[in-house]
There are 2 protein chains.
Amino acid sequence: MSKSRPNCTSLDIARAAGTSRATVSRVLNGTNGHISISEETRARVLRVAAEMGYAPNAAARQLRMRRAQAIGLILPPSRYRRPGQPGTFGLAQFLGGIIDAGDSTEYNIMLAPGTSPERAVQMLHGKQVDGLLVIHPLETDPYIRGLLAAGAPVVSMCQMPAEVPVSWVDFDNVGGARAAVLHLAQRGHRRIAFICGMAGTMVSSLRIRGYREALDLAGISFQEDLVVSAPEPTRTPQGAAALRQLLRLPEPPTAVFCYRDQLAFGVLLAAREAGLRVPQDLAVVGFDDDPASAHQDPPLTTVRADFFGAGREAAMLLIDLIEERTLGPASKLLPTELIVRDST
Amino acid sequence: MSKSRPNCTSLDIARAAGTSRATVSRVLNGTNGHISISEETRARVLRVAAEMGYAPNAAARQLRMRRAQAIGLILPPSRYRRPGQPGTFGLAQFLGGIIDAGDSTEYNIMLAPGTSPERAVQMLHGKQVDGLLVIHPLETDPYIRGLLAAGAPVVSMCQMPAEVPVSWVDFDNVGGARAAVLHLAQRGHRRIAFICGMAGTMVSSLRIRGYREALDLAGISFQEDLVVSAPEPTRTPQGAAALRQLLRLPEPPTAVFCYRDQLAFGVLLAAREAGLRVPQDLAVVGFDDDPASAHQDPPLTTVRADFFGAGREAAMLLIDLIEERTLGPASKLLPTELIVRDST
DNA sequence: CCTCTCTGTGTACACGTGTTCAGAGCGCCA
DNA sequence: TGGCGCTCTGAACACGTGTACACAGAGAGG
């Protein structure tokens with residue numbers, strides 16, 4: 001293993017190799033233009049650089065190139081940042097995909113500080129990052145528009161309405177929900193409830209659209225009181241409470257489609273509590289394919305969403321926008337897959 | 001809202017304010033030395049800077065100050081980066097705490113690329129980050145030692161053996177495990193099994209130490225066959241398999257302490273499958289206080305670990321080392337808390 | 001022999017900032 | 001009026017890099 005010299009500039013390499021700094025730079029970056037370098041000089045420079053453990057100063061390079069070679073990642077503050085608030089398994093997967101994209105493109109990933117768009121815009125203006133990746137913006141409009149106003153590439157990891165001129169990558173929320181509800185209809189269910197998330201969020205309204213499309217296709221009429229909204233955070237206890245509310249109806253549902261697996265876990269608990277057998281008395285479907293879903297009692301039927309792939313695709317799209325291989329707002333919808341287990 | 005000018009240098013501010021660049025820098029950074037600035041000039045500069053939405057160029061500042069004002073975060077590749085591999089809830093909490101620390105100290109957080117220490121060392125030498133935070137190093141020795149060889153501040157988020165000269169922050173694994181097992185002994189259990197993680201990892205060996213200490217204190221003799229190792233990944237199915245193995249013993253245990261909550265979930269499933277009532281026939285304790293633990297059937301007794309606080313403390317320690325407020329390897333052990341629920 | 005192309009190298013500048021140092025203006029005292 | 005201290009400002013440099021440009025040498029064609 002070569003001795004690593006912490007402070008070692010390209011001038012040091014040039015001196016040690018008996019050449020000039022310009023030649024060192026040309027050899028290491030390969031950007032000769034139309035200029036060529038003798039094979040002997042190139043080999044000598046490479047050898048010396050490796051021996052001295054040379055690493056180019058990132059700040060100097062960024063300053064010269066007017067590019068940070070980095071993307072900023074804006075995590076959803078409300079869900080992941082408060083102490084005691086659990087994160088969904090999706091975050092780790094998103095991160096994995098994003099880092100994977102960064103690895104293969106030589107881009108660095110920087111976590112954006114603060115909870116308001118101002119700090120993120122500062123990062124852009126300060127040329128600390130070349131673009132921003134926003135995971136699940138909650139207060140969609142003002143936040144995203146604030147970022148777009150800075151005039152830099154932005155990709156949202158959540159499908160956005162067409163009138164917001166932003167690029168995004170997401171799974172097919174509508175199609176996934178439709179498939180889940182159609183599956184229930186095919187098993188003979190006519191009273192299918194939907195436990196949705198906070199009203200007004202994009203994901204929630206997309207999944208409810210899929211729910212309604214499936215009802216239409218199956219010839220089932222939409223009933224207001226079969227749709228209940230679980231308050232944030234949409235987790236296990238909220239799912240249990242939502243089912244209890246549904247069971248108080250004069251004609252309770254025989255099947256429940258949940259906006260998220262975590263809600264479905266609560267539904268399973270509350271069903272057992274109420275003496276209902278799953279799936280005989282009540283069928284349950286979730287959304288996400290949380291790894292815990294396969295280990296519920298009974299194992300949960302759900303819609304699989306590829307978080308890792310979405311993270312990777314979103315980062316790739318952002319980098320394409322930065323390097324202007326893609327122009328203007330672009331979007332990508334990833335397919336989802338219905339995973340049938342024993343809860344239906 | 002002020003019109004944000006994307007490219008706007010301190011020279012622009014100086015010209016607009018009718019002064020020089022040096023004065024602008026002095027006003028904005030406050031570092032006058034013994035020099036003072038007239039109140040009128042200061043106000044004019046601040047107003048112009050705000051109007052033009054000035055953000056200092058990060059690269060230029062870093063180059064001048066010889067400091068990146070950023071820390072690198074090394075995520076455990078094996079657990080979080082592969083597609084399909086779920087992350088533990090702890091990661092989101094860790095990140096929350098780390099970002100929180102970054103917010104309050106004006107440090108940025110950069111995700112380290114690659115899976116080998118080389119790329120991380122490059123980040124250090126290239127002055128892209130001032131220090132590294134390592135989450136759960138798996139192949140402890142070579143990895144950490146490789147980072148330390150670079151001569152930069154490093155903090156591990158996992159307790160390390162004393163002979164490795166690295167700083168670390170962790171919860172009290174020994175104390176948490178001891179408390180959990182003592183709790184079982186106090187409830188009258190004498191045959192207490194331990195389902196541990198992969199042999200050789202630091203966390204696993206610390207928790208088994210706590211287990212043995214508790215047995216000693218309770219006057220129970222250690223029995224080899226009551227300790228089973230769940231293979232990686234230590235999740236629900238592995239927990240179920242471990243319990244099945246324990247139940248095949250001539251004298252099966254009446255209580256099980258699990259290295260992680262995820263394993264305990266599997267134990268609960270397998271117990272129900274075997275017709276055992278929890279806690280009457282089998283008592284179960286986990287470790288982590290995963291948010292799902294409270295919603296198991298029955299709710300799981302477990303050891304709460306403050307991941308958010310650990311992330312925050314680790315980042316703070318790293319920043320103290322960078323700014324040389326703390327010298328040499330330092331370490332911090334955070335307390336754990338036994339949460340008694342219905343599984344014991 | 002002169003000019004012209006081609007190859008390989010080095011010099012010099014720009015990127016935007018923080019900070020040192022010299023100096024301008026001004027009031028005060030001898 | 002000259003000298004001196006005090007307050008505030010601006011010119012100049014360094015940080016380490018990528019690259020446009022000039023240049024030296026050599027070979028070839030007129």
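In what follows, chains are A, B, ... by sequence order, proteins preceding strands, each numbered from 1.
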Determine whether the aromatic ring centres of residues B:Phe307 and B:Phe171 are separated by less than 6.0 angstrom. yes
Would you kindly give the CZ-to-P distance between B:Arg67 and D:dG16, to the nearest whole Å? 15 Å
Looking at A:Ala17, is its backbone amide N or carbonyl O close enough to the side chain of A:Arg44 to form a donor-acceptor pair, meaning the two atoms are under 3.5 Å apart? yes
Checking the side chain of B:Ser38 only, and the main-chain atoms of B:Thr41 only, is there a donor and an acceptor separated by less than 3.5 Å? yes
What is the separation between atom CZ on B:Arg44 and atom P on D:dC8, rounded to the nearest whole Å? 13 Å
Length of the line joining A:Ile37:CD1 and D:dT19:P, which is rounded to integer Å: 12 Å
Taking five pairs at each end, how big is the angle between the two axes of the helix from C:dC1-D:dG30 to C:dA30-D:dT1, to 10°? 80°
Report which part of the nucleic acid A:Arg66 touches: base, sugar-phosphate, or nothing (heavy-atom distance under 4.0 Å, all strands). sugar-phosphate
Given 3.5 Å as the limit, does a donor-acceptor pair link the side chain of B:Thr105 with the main chain of B:Ala101, or not? yes
Please report, rounded to the nearest Å, how far the P atom of D:dA14 is from the CE atom of B:Met65. 18 Å
Looking at the side chain of B:Tyr54, which of C:dG10, C:dG18, C:dT17 is the nearest nucleotide? C:dT17
A:Leu132 CG to A:Leu124 CG distance, which is reported to the nearest 0.5 Å: 4.0 Å
For side-chain hydrogen bond (donor to acceptor under 3.5 Å, both in side chains), just list the numbers for A:Asn108 and B:Gln128, CA-CA rounded to whole Å, side-chain angles, deciding distance to a tenth of an Å, and then say yes or no. CA-CA 10 Å; A:Asn108 281 112; B:Gln128 215 154 14; 3.1 Å; yes
Judged by each residue's nearest nucleotide on DNA chain C, which is more toward the 5′ side, A:Arg21 or A:Glu39? A:Glu39
What nucleotide, of D:dT17, C:dT19, C:dT11, holds the atom closest to the side chain of A:Ala22? C:dT11
Below 4.0 Å: OP1/OP2 of C:dT9 and any side-chain N or O of A:Thr19: no
Check this one for me: any side-chain N or O of A:Ser38 less than 4.0 Å away from OP1 or OP2 of C:dT7? no
Find the distance A:Arg26:CZ to D:dT19:C1' and express it as a whole number of Å. 8 Å
Using whole Å, what does the distance between atom C1' of nucleotide D:dG16 and atom CD1 of A:Ile13 come to? 13 Å
Euclidean distance, atom CG of residue A:Asn29 to atom P of D:dG16 [Å, nearest integer]: 17 Å
N/O donor to acceptor pairs below 3.5 angstrom from side-chain atoms of residues 56-65 of chain B, sequence neighbours left out:
{"from": "B:Asn57", "atom 1": "OD1", "to": "B:Ala59", "atom 2": "N", "distance (Å)": "2.9"}
{"from": "B:Asn57", "atom 1": "OD1", "to": "B:Ala60", "atom 2": "N", "distance (Å)": "2.9"}
{"from": "B:Arg61", "atom 1": "NH2", "to": "B:Asn29", "atom 2": "OD1", "distance (Å)": "2.8"}

Do any side-chain nitrogens or oxygens of B:Thr23 fall under 4.0 Å of OP1 or OP2 in D:dC8? no
Interface with DNA chain D, restricted to residues 56-64 of chain B and to heavy atoms under 4.0 Å: B:Leu63, B:Arg64
Residue-phosphate contact under 4.0 Å: A:Thr9 side-chain N/O, D:dT17 OP1/OP2: yes
At 4.0 Å (heavy atoms only), tell me whether A:Ser25 reaches a base, stays on the sugar-phosphate, or touches nothing. base
Say whether, by atom type as modelled, one donor and one acceptor occur between the side chain of B:Asp130 and the main chain of B:Gln69 under 3.5 angstrom. yes
Can you tell me the distance, in whole Å, between the CG atom of B:Leu11 and the P atom of D:dT9? 17 Å
Where is the tightest heavy-atom contact between B:Ala68 and B:Lys127, given as atom of each residue plus distance? CB-O, 3.3 Å
If we ignore hydrogens and angles and just use 3.5 Å, is the side chain of A:Arg42 paired with the main-chain N or O of A:Val27 as donor and acceptor? no
